[in-house]
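Everything numeric here is computed off the predicted structure, so don't read it as measured data. Computation of the quantities below employed the complete heavy-atom set of this structure, encompassing side-chain atoms and omitting hydrogens, waters and symmetry-equivalent molecules. Letters A, B, ... mirror the listed sequences (proteins, then strands); counts begin at 1.
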Amino acid sequence: MDVSELLNDLNKPQRDAVAAPLGHARILAGAGSGKTRVLVHRIAWLIQAEGLSSANILAVTFTNKAAAEMRGRIEEMLGYPIGGMWVGTFHGLAHRLLRLHWQDVNLPQSFQILDSDDQQRLLKRLIRSLNLDEAQWPAKQAQWFINAQKDEGLRAANIQVGNDPYSKTMQQIYQAYEQACERAGVVDFGELLLRCHELWLKRTDILAHYQQRFSSILVDEFQDTNTIQYAWLRLLAGEQGHLFIVGDDDQSIYGWRGAKIENIQKFHQDYPQANTVRLEQNYRSTGNILAAANAVIANNSERLGKQLWTADDDGDPVQIYQAFNERDEAQYLVQMVQQWVNQGGERSQCAVLYRSNAQSRVIEEALMQAAMPYRVYGGLRFFERAEIKDVLAYLRLIANRRDDAAFERVVNTPTRGIGAATLTQLRQIARETDQTLWQTATDMVEQNSLAARAANALSGFLTLIDSLTPIDDSMALHELTQLVIDESGLKAFYSKDKSEKGQGRLENLDELINATREFMRADTEEDMPLLDAFLAHAALEAGEMQAGAWQDCVQLMTLHSAKGLEFPVVFMVGMEEGLFPGQKSAEDPMRLAEERRLCYVGMTRARKTLYLMHTESRYLYGQEMHPRPSRFLAEVPVEHCHEIRSRQPAGHLSGLTSRQQTVSENGYHPGQQVMHQKFGPGVILDTEGSGTHARVQVNFKQAGSKWLVLAYANLETL
DNA sequence: GATCAACGGCTTTTT
DNA sequence: GCCGTTGATC
């Protein structure tokens, strides 16, 4: 094969990166500069030009989605499956290593993974059992503390507390948490990496084995690595391995969860011989959008420095829209999407990006009002739903009786007469004897140390779990799941709830059975019990599992979740001081810089048209604010933008007018003649509610009777 | 054990 | 202003 083909359709810097000599390399890849392409080509290059075996390569990403995409594109390029290559997330790869070496890291073979919610529940119980005031020591804060320590590679014993009562207590909680996890044989996300790192430090023979095997390590989104992840990489690379890291310091937006933007500079110090290649040609956005984004990010100091450019046309100027209030903002956005659609565009090519999830509501209302399909990204994922986690907890307990978190979750779910008093006693004895809840419960039942009723209930639960546990692997996973759902009483429990919510839960349970039926163990997990593999999958890939047909929908998401995506039309809403950047971020230069990078990420998502929107008035947390336009707007050079102010059609959109309407009981009464722009003349039949939710029922001559939300209807009185 | 009122919190998210 | 959690009550 002629390897030069691999370089044919690449630009000069891309070629330099792909064909870099074997050794360390640092690729600074601007937004839309073909980053994934370079990674994929580099891997092909390593195999075809450098003669590496795919088994010598390890590629790390942050999300499962990115890992799956990379694997797919490599296989497509090479034309054959790359079984021996390790491609995965940091957590996925660490998990794989721990499964292989469970004995060396002191874990039960069936160890389970605690997700964020499990972790928080466990901490809550521990804080209670330590007799600490829950109001003063919220589980959430302890969780944050512990995860931050683990991200730094620190165990409870390694923390310098000094005389500070805060860290002292936190350390105490951390310590109790470590013990609880140990006893239950569970690990949290941070633990996967930490434990793996410790394994390598302790067992140099094991480390040497992997160092020898993975001579080439490629890392995506390197600017998002935290301390332990970088340490993990350096350890694995050792003296001989080659690190090929790709990142963009301007797109580092996860500092608040431990990502160390400075790792990208540190890399340069740690590996001074590494080549640095800058990918600055952008293949995504028009000239105006790029110039605007460049100008904004230029206000950050301490950048490694990149100047994106495009061979593309200038395109339209960036549209800056000043609205009266958030409803006007939403309405204008809807109009612009409509315009795009009328010109032959698709709704799914339009994305609405906001700083915080709470902002989606007003937009959703406006979209609904216009009967425009949309999809909101983010929110609860499938495997994180309560009813799903209930079933998973049963399965976890079946797989591993030591799993206290799972025990706690389902021992009385659905209620089976095991009361708070029994549980308190159970927990206390378990703590005193340093045993698992399961073991303690078994002992208590055997020793008859409980009142008859409680003993019956508890023993019923223990028998239930035992009876659900398959004796051999003749039972399919979905049959087991079905059995658990039926026999546990969860099905009956949720069936009682006739509300829409309850019905949805039942459907989710069916969906879970489907998921188990379709679940395929990865080749690498062949020697792992199917149930364990499935549970790990559920924890590590909580999954979007977005049901629903793939309609042509407007895409709504936070700026954070837009990273890595691109859309022809992008609306960035709520560009106001106090919101974006947020109040707290504005006061701290480091955080402000991160907000600015977030702005840069948002702007560079747009291919053709970018709308930056802000309002003069906005309801936030039940209060009306009059925010200043975001400083980021002022950083967009005038020559690249076009400002639009909301015209004031019939005065119905301004905050002032809608308040007047509210005060005067909306000003409508049955029998009144009104005129609607689309539906024509009609007569008011009824009115309902007040304020922004006020609605009127109108009988239109042509369109018949309709309920309309006053705030949107734009009715004229006749 | 279920139901309801009072209370507090409130960027951003993956694994 | 909304939502989830908690505590009191029947």
Checklist entry - Can you check the A:Glu541 CD to B:dT15 P distance for me, whole Å? => result 8 Å
Item to check | Distance, rounded to the nearest Å, where A:Phe383 contributes CZ and B:dT13 contributes C1' | outcome: 19 Å
Checklist entry - Who are the salt bridge (charged side-chain N to carboxylate O under 4.0 Å, His left out) partners of A:Glu566, not counting sequence neighbours? => result A:Arg284, A:Arg607
Checklist entry - When you measure from the side chain of A:Thr558, which nucleotide among B:dT13, B:dG1, B:dT15 comes out closest? => result B:dT13
Checklist outcome for this item: In short, salt bridge (Lys or Arg N to Asp or Glu O under 4.0 Å) pairs touching residues 85-101 of chain A with sequence neighbours left out are none
Checklist entry - Atom NE2 of A:His560 and atom C1' of B:dT13: how far apart are they, to the nearest Å? => result 8 Å
Next on the checklist: Going by the glycosidic torsion and a 90 degree boundary from 0, is the base of B:dT11 oriented syn or anti?
Outcome noted: syn
Next on the checklist: Heavy atoms only, 4.0 Å cut-off, all strands: where does A:Gly255 land among base, sugar-phosphate and nothing?
Outcome noted: nothing
Checklist entry - In whole angstrom, what separates A:Gln251's CD from B:dT12's P? => result 20 Å
Please tabulate the protein-to-nucleotide N/O contacts below 3.5 Å involving nucleotides 4-7 of chain C, giving atom names and distances.
unit_1, atom_1, unit_2, atom_2, d
C:dT6, OP1, A:Lys124, NZ, 2.2

Checklist entry - Expressed in angstrom and rounded to an integer, what is the separation of A:Leu353 atom CG from B:dT13 atom P? => result 12 Å
Checklist entry - Quick one: does NZ or CZ of A:Arg597 land under 6.0 Å from the six-membered ring centre of A:Tyr600, within 45 degrees of the ring axis? => result no
Checklist entry - On the ring face of A:Phe383, is A:Arg381 found with NZ or CZ under 6.0 Å from the centre and within 45° of the axis? => result no
Checklist entry - Crowded around A:Arg628 CZ? As in, over 12 foreign heavy atoms under 6.0 Å? => result no
Item to check | Under the salt bridge (charged side-chain N to carboxylate O under 4.0 Å, His left out) test, residues paired with A:Asp118 that sit two or more places apart | outcome: A:Lys389, A:Arg396
Next on the checklist: Is it true that A:Glu69 and A:Thr36 share a donor-acceptor pair across their side chains at a distance under 3.5 Å?
Outcome noted: no
Checklist entry - Which residues pass the salt bridge (charged side-chain N to carboxylate O under 4.0 Å, His left out) test with A:Lys260, sequence neighbours left out? => result A:Glu152
Checklist entry - Can you check the A:Met557 CE to B:dT13 C1' distance for me, whole Å? => result 14 Å
Checklist entry - Starting at OH of A:Tyr354 and ending at P of B:dT12, how long is that distance when rounded to a whole Å? => result 10 Å
Checklist entry - Over how many whole Å does the gap from A:Glu594 atom CD to B:dT12 atom P extend? => result 14 Å
Next on the checklist: Heavy atoms only, 4.0 Å cut-off, all strands: where does A:Asn64 land among base, sugar-phosphate and nothing?
Outcome noted: sugar-phosphate
Checklist entry - Within 45 degrees of the axis of the six-membered ring of A:Tyr230 and under 6.0 Å from its centre: does A:Arg234 put its NZ or CZ there? => result yes
Next on the checklist: Quick check: on DNA chain B, is the nucleotide nearest A:Ala539 upstream (toward 5') of the one nearest A:Asn412, or the reverse? Name the residue that is more 5'.
Outcome noted: A:Asn412
Checklist entry - Of all the nucleotides listed (C:dC2, B:dT13, B:dT15), which has the minimum atom distance to the side chain of A:Ser561? => result B:dT13
Checklist entry - Would you say a side-chain N or O of A:Arg381 is under 4.0 Å from OP1 or OP2 of B:dT15? => result yes
Under 3.5 Å, N/O pairs linking protein and nucleotides 4-11 of chain B:
unit_1, atom_1, unit_2, atom_2, d
B:dT11, OP2, A:Tyr621, OH, 3.4
B:dT11, O4, A:Arg591, NH2, 2.6

Checklist entry - Where does the angle between the aromatic ring planes of A:Phe214 and A:Tyr210 fall among parallel (under 30°), tilted (30 to 60°) and perpendicular (over 60°)? => result parallel
